[in-house]
Amino acid sequence: MQCSMEDYKDKFKKILLQVEKPGRYTGGEWNTPDMNKKRRADFVFCFPEVYEIGMSNLGMQILYSIINKQEGFAAERCFAPWTDMGQKLKENDIPLLSLETKKPLKDFSVVGFSIGYELLYTNVLYMLDLAKIPFRAKDRGEEYPIILAGGPCTANPEPFAPFFDVIIAGEGEEADLEVLKIVADGKEKGLTKTEILKQIKSVKGAYVPALHEKGEVVVKAVIRDFENAESIDKPLVPVIETVHDRAQLELYRGCASGCRFCQAGYWYRPIRERSAEKCFDFAKSMCDSAGFDEISLCSLSTSDYTDLEKLQGYLEPYCHEKMINLSLPSLRISSFKPEMAKDSRKSSLTFAPEAGTQRLRNVINKNVSEEEIDKIAVAFEAGYESIKLYFMMGLPTETDEDIDGIAKICRRLKDLYYEKKHKRGLNISVSCAVFVPKPCSPFQWEAQISFDEMLRRQRYLRDQLRQIKGVNFSWHGAEPSMLEAALARGDQKQADVIENAYAAGAKFDGWSEYFNWDIWKKAFEDSGLDMTTYTGAQDINAELPWDFIDIGATKQYLLKQRELAYSAVTTKNCREGCNGCGALRLGRCTIC
């Protein structure tokens, strides 16, 4: 006998106090929209991570706000339950429920997943499993909702394509709403799921795996008028502490730097800025309606924003009056000025030189000179005594001399600090990721360094930095980095790998206490696949799994950038003039 929603709610309440952090599952946040309005169709946003992380996701909050402002449509949320709650749901035969109304996921019109990281793939299956929804699209009949995916990982959707009815490549603000309207109209007309999916294929950015034909191109969805695009005016106020409990102010999309390893810098082209006046209005609205005590300026390179000083001129009096901290993440060394941080109460600043030598920075097109790195010293004049530096290890052409350069930068900054006659010691935090070749970037064809070489280089740098007082070193694990690379450039055969890994117990793979390397190695073996096929160098003449997606920047441009990399020749910043990548076909660049 099937339970009613009220029965599920009653059973759910009984298990809440039996799990860690029950506030993850209660809902009821301040600024929650009206969920009792009449619905033509509804959408549940599924974020395959815990509440504290998912609630910090800006994209989800924007899409949630857009749909809930529409007459006849509603959006709810669902996050991956921690393992204790997942177990309780199964023990009590409770399907995965939405946060707002405790409605089973399988009863929604559209179930949408935001996938931002390759190591979240098994959590998608975990949530579908708890929701009692079959994993594969081919196994889901008319009684199941449309299952949709979006997010950064749609740059190469092939590893998870068999699990979804629809995948939105690119920005979802317009596409998700259009899909929901098509579903509502289709249901009212009595159309079958296949008939509805045929209509969804016409939506910009929509990839329908079951109906996709070889040679078809999916053009990435782009918000052309970013100045007037919807943002959050009344953000949800979390009921428990989250990773980023602050107002997130999106300044612009895209990046002018063109770093050759960076997927996001190419994926989010063309560059579209929002005016300082519009940004200030959003900031005030968010803080006034939610009571945040911190504003974070968000973009791929905040200090490159054209109107940054103008915006700070608007924000600083407001923040001072309201006792709000202004946070400046993602700073570009060459454009940082001391006055940018003068009123910030943060104890540290973050910069990303990425590589230890000028030669390697030229290879990756990180247009930052040694002299500009020394400019970090201006932060000392602003009173900062703690600096975070981000580097990448295993970049194409990297040698031990490049790794030595990381230690040399740290020594030089220490010397510059003491030249300013500071009495207290400077703390430097060095974080080093392993290079992961990502689709839609000039380095999408490159090999990742071997597992043993990752470990050797990490030990080598650790030993160098241990000799410098006041330097803390953290690094990304070799095993997760290798798996990330394998999944990032995967094809549809990897759906078997993901399913095998989940069946063997893989979930929350981004958490060190749950990541199990042996499970993943065996999952590849049982699927008849060699992981190194995906982590090794790719043939520049071969068709890549994601080539059917038009990201704007052309394949020819990416290849040209790769060629320049091996000559250590840089390309000018887009703000100095258009480099002709091809992204203008998809929308106007507001800095050109």
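Everything quoted here is computed from the prediction, not taken from an experiment.
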**Asked** Within 45° of the ring axis of Phe292 and under 6.0 Å from its six-membered ring centre, is that where the NZ or CZ of Arg246 lies?
**Response** no
**Item:** Cation-pi check, Arg140 onto Tyr144 ring (under 6.0 Å, within 45° of axis)
**Value:** no
Would you check if the side chain of [X] reaches a backbone N or O of [Y] as a donor-acceptor pair within less than 3.5 Å?
X      : Y      : answer
Thr302 : Leu297 : yes
Gln18  : Lys14  : yes
Tyr126 : Pro81  : yes
Thr32  : Gly28  : no
Arg489 : Pro439 : no
Lys187 : Ala41  : no
Glu294 : Ala247 : no
Glu484 : Pro480 : no
Asn500 : Asp496 : yes
Asn516 : Gly505 : no

Side-chain heavy-atom pair [X], [Y] within 4.5 angstrom cut-off:
X      : Y      : answer
Glu178 : Ile200 : no
Leu97  : Cys78  : no
Leu311 : Glu277 : no
Arg274 : Arg253 : no
Phe135 : Glu499 : yes

**Request:** Given salt bridge (charged side-chain N to carboxylate O under 4.0 Å, His left out), test Glu216 with Lys201 step by step and report yes or no.
**Result:** CA-CA 11 Å; Glu216 282 187 322; Lys201 273 192 73 174; 3.0 Å; yes
**Item:** Stepwise side-chain contact (heavy atoms from CB on, under 4.5 Å) check, Phe79 with Met127
**Value:** CA-CA 8 Å; Phe79 302 98; Met127 294 180 76; 5.6 Å; no
Please list, chain by chain and in numerical order, all residues satisfying ring pair (Phe, Tyr, Trp, His ring centres under 6.0 Å) with [X], sequence neighbours excluded.
X      : answer
Phe45  : Phe43
Tyr207 : His212, Phe548
Trp546 : none

**Item:** Non-hydrogen atoms of Ala506 and Thr122 that approach each other most closely
**Value:** O-CB, 3.4 Å
**Request:** Mind listing the closest non-hydrogen atom pair of Ile295 and Leu249 along with its distance?
**Result:** CG2-CB, 4.3 Å
Salt bridge or not between [X] and [Y]? Use side-chain N to carboxylate O under 4.0 Å.
X      : Y      : result
Glu195 : Lys189 : no
Arg585 : Asp550 : yes
Arg588 : Asp225 : no

In Å and rounded to the nearest 0.5 Å, what is the [atom1] to [atom2] distance from [X] to [Y]?
X      : Y      : atom1 : atom2 : value
Tyr390 : Thr350 : OH    : OG1   : 5.5 Å
Lys507 : Ile519 : NZ    : CD1   : 8.5 Å
Cys287 : Ile324 : SG    : CD1   : 4.0 Å
Leu315 : Cys279 : CG    : SG    : 8.5 Å
Ile133 : Leu128 : CD1   : CG    : 5.5 Å
Ile168 : Thr154 : CD1   : OG1   : 8.5 Å

Using distance alone, with no hydrogens and no angle criterion, decide if [X] and [Y] have a side-chain donor and acceptor under 3.5 Å apart.
X      : Y      : value
Gln87  : Glu91  : yes
Asp491 : Tyr534 : yes
Glu250 : Ser299 : no

**Prompt:** Quick check, are the ring centers of Tyr318 and Tyr314 under 6.0 angstrom apart?
**Reply:** no
With a sphere of 6.0 Å drawn around [atom1] of [X], does it hold more than 12 non-hydrogen atoms of other residues, nucleotides or ligands?
X      : atom1 : answer
Lys204 : NZ    : yes
Lys132 : NZ    : yes
Glu71  : CD    : no

**Message:** Classify the ring geometry of Phe164 against Phe160: parallel below 30°, tilted from 30° to 60°, perpendicular beyond 60°.
**Reply:** perpendicular
**Asked** Using the ring of each side chain (for Trp, its six-membered ring), is Phe508 parallel, tilted or perpendicular to Tyr514, with breaks at 30° and 60°?
**Response** tilted
**Message:** Go through it in stages, so that I can follow the logic: the residues are Glu158 and Lys493, the test is salt bridge (charged side-chain N to carboxylate O under 4.0 Å, His left out), and I'd like the CA-CA distance, side-chain angles, deciding distance and then a yes or no.
**Reply:** CA-CA 8 Å; Glu158 291 302 80; Lys493 289 180 285 189; over 6 Å; no
**Fill in**
So side chain to side chain donor-acceptor pair (under 3.5 Å) across residues 42-56, not counting sequence neighbours, yields Lys21-Glu52, Arg24-Glu52, Glu29-Tyr51, Arg39-Asp42, Asp42-Lys103, Asp42-Ser109, Glu49-Trp511
**Item:** Test side-chain contact (heavy atoms from CB on, under 4.5 Å) applied to Tyr121 and Tyr502, step by step
**Value:** CA-CA 9 Å; Tyr121 291 171; Tyr502 176 70; over 6 Å; no
Solution key, residues 110-118 side-chain donor-acceptor pairs under 3.5 Å, sequence neighbours excluded:
from, atom 1, to, atom 2, distance (Å)
Glu118, OE1, Lys438, NZ, 3.4
Glu118, OE2, Lys438, NZ, 3.3

**Message:** Go through it in stages, so that I can follow the logic: the residues are Glu20 and Lys88, the test is salt bridge (charged side-chain N to carboxylate O under 4.0 Å, His left out), and I'd like the CA-CA distance, side-chain angles, deciding distance and then a yes or no.
**Reply:** CA-CA 11 Å; Glu20 179 185 344; Lys88 288 293 179 185; over 6 Å; no
**Request:** Let me see the working for Val44 and Arg77 under side-chain contact (heavy atoms from CB on, under 4.5 Å), right down to the final yes or no.
**Result:** CA-CA 5 Å; Val44 58; Arg77 295 160 297 142; 5.8 Å; no
**Request:** Take Glu227 and Ser275 through the side chain to side chain donor-acceptor pair (under 3.5 Å) test and state the conclusion after the steps.
**Result:** CA-CA 7 Å; Glu227 169 71 4; Ser275 69; 2.8 Å; yes
Let me have the donor-acceptor pairs involving side chains of residues 229-241, under 3.5 Å, with sequence neighbours excluded, atom names and distances please.
from, atom 1, to, atom 2, distance (Å)
Glu230, OE1, Lys69, NZ, 3.1
Asp233, OD2, Lys69, NZ, 3.4

**Prompt:** Does the pair Lys11 and Asp93 meet the rule for a side-chain contact (heavy atoms from CB on, under 4.5 Å), with working shown?
**Reply:** CA-CA 9 Å; Lys11 293 169 72 175; Asp93 195 29; 4.2 Å; yes
